[in-house]
Amino acid sequence: MMDSTKYRVGYFPVSDKYNKWVTRDHIEKPPVWCSVDMRDGNQSLVIPMSLEEKLEYYKVLLEVGFKEIEVGFPAASETEYEFLRTLIDNNMIPQDVTVQVLTQCREHIIRKTFDACKGAPSAIIHFYNSVSVAQREQVFKKSKEEIKQIAIDGAELVKKLAREYEGNFRFEYSPESFTGTEPEFALEVCNAVLDVLEPSENNNVIINLPVTVEMSLPHVYASQVEYMSNNLKYREHVTLSLHPHNDRGTGVADTELALLAGAERVEGTLFGNGERTGNVDIITLALNMYSHGIDPGLDLSNMNYLVEKYERCTRMHVYERAPYAGALVFAAFSGSHQDAIAKGMKYRSKNKLKTWNVPYIPIDPQDIGRTYDADVIRVNSQSGKGGIGYLLEHTYGYNLPPKMREHFSYLCKDISDHEHKELKPDDVLEIFTANYLNIDGNISVTDFDFMRENDAVKINITFMQDGVETEMEAEGNGSLSAINNALKAYTGQEYTLQVFTQHSMQGQGSRSVAASYIGLQTETGEMFWGAGTDTDVITASTKALLSAFHNMTKGGK
């Protein structure tokens, strides 16, 4: 049995006065983004990336538009060290990009970190030590003063070495396990570090508040951040940064609320890779802002490319339901959902709307390189006439009349159900073609000629069946009516031409293709459908009529 009594609240809420963030209903501008894919993300992999894979992934991060990239923990392994030296020695760091490196507050590790960074055009030295109650008591067995002194000593050493080594250095300090630390003590340590580093207009310092382990509801973290933001020394020269993990599954919520609370910078990863349940997912954060009309400053317009690179370099998989990036996140299988999406898309097109407000789809999939046919309307046994009809129209140009669309949708759903598979767009087209379009039955028309007399159209038409041609005469109130009357006289069949629609599929003028749809109703009320296409509108209508007639006489459904 599970025993919840072994758990207790391990975090420290702040006063209610630090809740001004609740009055803000949206994020007004994007934060400074720092990718930690190459460090936090990489160290969480079963098989860390090779040098070649790290270089490939680094280039992807540059393409996305990151201006700050944590490239590793150079004192941790030879590959980490070699990667950073490769970037510096081969001039692979653009002028507007700053690389970041992580180091513990230990002298030999800090010195090796500076060795790795020598000559960097712009580098952030990110140093940290753990300050939480659990770490103080169980791991380090040190007092608050001793823990604070570790941070101070680290700050003094990085400041000293920055003057001695060639390169352009900034500083970042993290009170690791901030979420398990008394806020007053975390503030005391951070301010002690800032006193050493002396932030100024030309010396901006980053104070990073890591959610090393998620322990509280997101609003508690937001108030802790607001407390720190309001009480840090040198605040105008300090960038307040976040590094949320996702242990409780609320990393995105933690970050969004903390941004409302005064944070200005976010460290995270593409697709949320990272230790344990991962880091906060920058793609989700950025596209959440985008869906509110805020340009996140990152280029996520080719999501399939990003997913492919990520999965190949990290050997990880982007979950099909991952927000925005998952293969199925825009997919609608439900008939009612498909119908609403199809109607929403038509409404948007008809009214020439720029603003996106399509039911069930939070952003336009095309903005991130996805397509409507392959990613939005998906056909299986749960699908409906609206979605299937929309897919056929949007992808291939066939705009079926409503009752025919319903008939076709049941045909597709039955096939999907019996074969236990999703139907791809090409499958849908194949089903439509095989069951309705230009069906080559045992009756064909080899020639026809029209003549108009008063309000009637007379026709001379030649039918062929089993290799035998028969010439007929008939009349009607239009061309199709005359052809239909001739067919009824030729075959002796009784039915009613109940539905006829036609539209142009492509091009203009004499080269456009006409698509015709016909529904024939028998004396019992049953409907049979056919479709025809041709550059000649009368020929297209004739093909549709013969296709529907074939389905009727052969028992087609």
Side-chain angles (χ1 to χ4, degrees), residues 14-15 17-18 20-21 24 27-34 36 67-70 98-103 105 110 122-131 147-163 168-179 181-212 221-244 254-268 280 297:
V14 296
S15 167
K17 72 178 183 178
Y18 296 104
K20 298 295 188 297
W21 58 268
R24 304 177 183 117
I27 297 169
E28 296 179 351
K29 64 179 182 179
V32 175
W33 301 108
C34 177
V36 294
K67 301 304 179 185
E68 295 183 4
I69 301 173
E70 190 169 81
T98 299
V99 294
Q100 178 171 304
V101 290
L102 186 69
T103 177
C105 288
I110 291 175
S122 180
I124 295 171
I125 307 298
H126 180 187
F127 62 104
Y128 73 95
N129 68 306
S130 190
V131 299
I147 292 292
K148 182 172 71 171
Q149 192 59 48
I150 292 173
I152 292 171
D153 291 344
E156 290 175 342
L157 183 57
V158 298
K159 183 177 181 181
K160 173 179 178 294
L161 294 179
R163 292 193 295 262
N168 180 24
F169 302 108
R170 288 178 63 200
F171 305 117
E172 174 179 351
Y173 172 70
S174 286
E176 190 198 1
S177 301
F178 169 78
T179 44
T181 306
E182 308 92 323
E184 298 81 3
F185 180 58
L187 179 66
E188 181 182 340
V189 174
C190 289
N191 278 336
V193 167
L194 292 173
D195 282 338
V196 173
L197 298 179
E198 299 178 297
S200 65
E201 186 173 350
N202 298 319
N203 179 33
N204 180 273
V205 174
I206 301 166
I207 291 294
N208 187 55
L209 304 178
V211 184
T212 307
Y221 178 60
S223 292
Q224 291 170 336
V225 170
E226 185 172 310
Y227 167 80
M228 295 292 287
S229 179
N230 289 3
N231 292 286
L232 280 171
K233 291 183 176 181
Y234 314 94
R235 184 64 182 90
E236 68 273 23
H237 303 308
V238 171
T239 296
L240 191 58
S241 178
L242 311 170
H243 184 110
D254 286 338
T255 309
E256 291 183 327
L257 298 189
L259 288 171
L260 295 179
E264 303 144 305
R265 181 178 184 268
V266 172
E267 296 185 348
V280 68

For the side chain of [X] and the backbone of [Y], is there at least one donor-acceptor N/O pair under 3.5 Å apart?
| X | Y | result |
| --- | --- | --- |
| R235 | S229 | yes |
| S223 | Y18 | yes |
| N129 | I147 | yes |
| T212 | S177 | yes |
| E172 | I124 | no |
| E264 | L240 | yes |
| K159 | V196 | yes |
| E68 | V32 | no |
| N203 | L197 | yes |

For the side chain to side chain contact (heavy atoms under 4.5 Å, CB included) test, which of V280, V36, T255 pairs with H243?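 The option that passes is V36.
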
Nearest 0.5 angstrom please: [X] [atom1] to [Y] [atom2], how far?
| X | Y | atom1 | atom2 | result |
| --- | --- | --- | --- | --- |
| Q224 | T181 | CD | OG1 | 9.0 Å |
| E226 | S15 | CD | OG | 10.0 Å |
| S174 | L242 | OG | CG | 10.5 Å |
| K148 | D153 | NZ | CG | 12.0 Å |
| N208 | Y173 | CG | OH | 10.5 Å |
| E198 | H237 | CD | NE2 | 12.0 Å |

Taking ring-ring contact (aromatic ring centres under 6.0 Å, His included) as the test, write out the residues that go with Y234, two or more places apart. none

ring-ring contact (aromatic ring centres under 6.0 Å, His included) partners of H126, counting only residues at least two apart: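 Scan of H126 (ring-ring contact (aromatic ring centres under 6.0 Å, His included), adjacent residues dropped) gives none.
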
Please walk me through it: do N204 and R170 pass side chain to side chain contact (heavy atoms under 4.5 Å, CB included)? CA-CA 7 Å; N204 180 273; R170 288 178 63 200; 2.7 Å; yes

Residue pair [X] / [Y]: nearest heavy atoms and the distance that separates them:
| X | Y | value |
| --- | --- | --- |
| P183 | M228 | O-SD, 4.1 Å |
| F127 | G154 | CE1-C, 4.0 Å |
| E267 | R265 | OE2-NH1, 2.8 Å |
| V238 | K233 | CG2-O, 3.7 Å |
| Y221 | V211 | CZ-CG2, 3.3 Å |
| R24 | A261 | NH1-CA, 4.2 Å |

E28, CD: over 12 other non-hydrogen atoms inside 6.0 angstrom: no

Is the shortest heavy-atom distance from the side chain of [X] to the side chain of [Y] under 4.5 Å?
| X | Y | result |
| --- | --- | --- |
| N191 | L232 | yes |
| P31 | L259 | yes |
| Y227 | L187 | yes |
| L260 | E256 | no |
| P210 | P175 | yes |

In sequence, state the C-alpha distance, the side-chain angles, and the governing distance for F169 and L161, and then conclude on side chain to side chain contact (heavy atoms under 4.5 Å, CB included). CA-CA 10 Å; F169 302 108; L161 294 179; over 6 Å; no

For V266 and W33, run side chain to side chain contact (heavy atoms under 4.5 Å, CB included): C-alpha distance rounded to whole Å, both residues' side-chain angles, the deciding distance at 0.1 Å, then the answer. CA-CA 5 Å; V266 172; W33 301 108; 4.1 Å; yes

Are Y128 and L102 close enough, and set up right, to give a side chain to side chain contact (heavy atoms under 4.5 Å, CB included), and what steps lead you there? CA-CA 8 Å; Y128 73 95; L102 186 69; 3.6 Å; yes

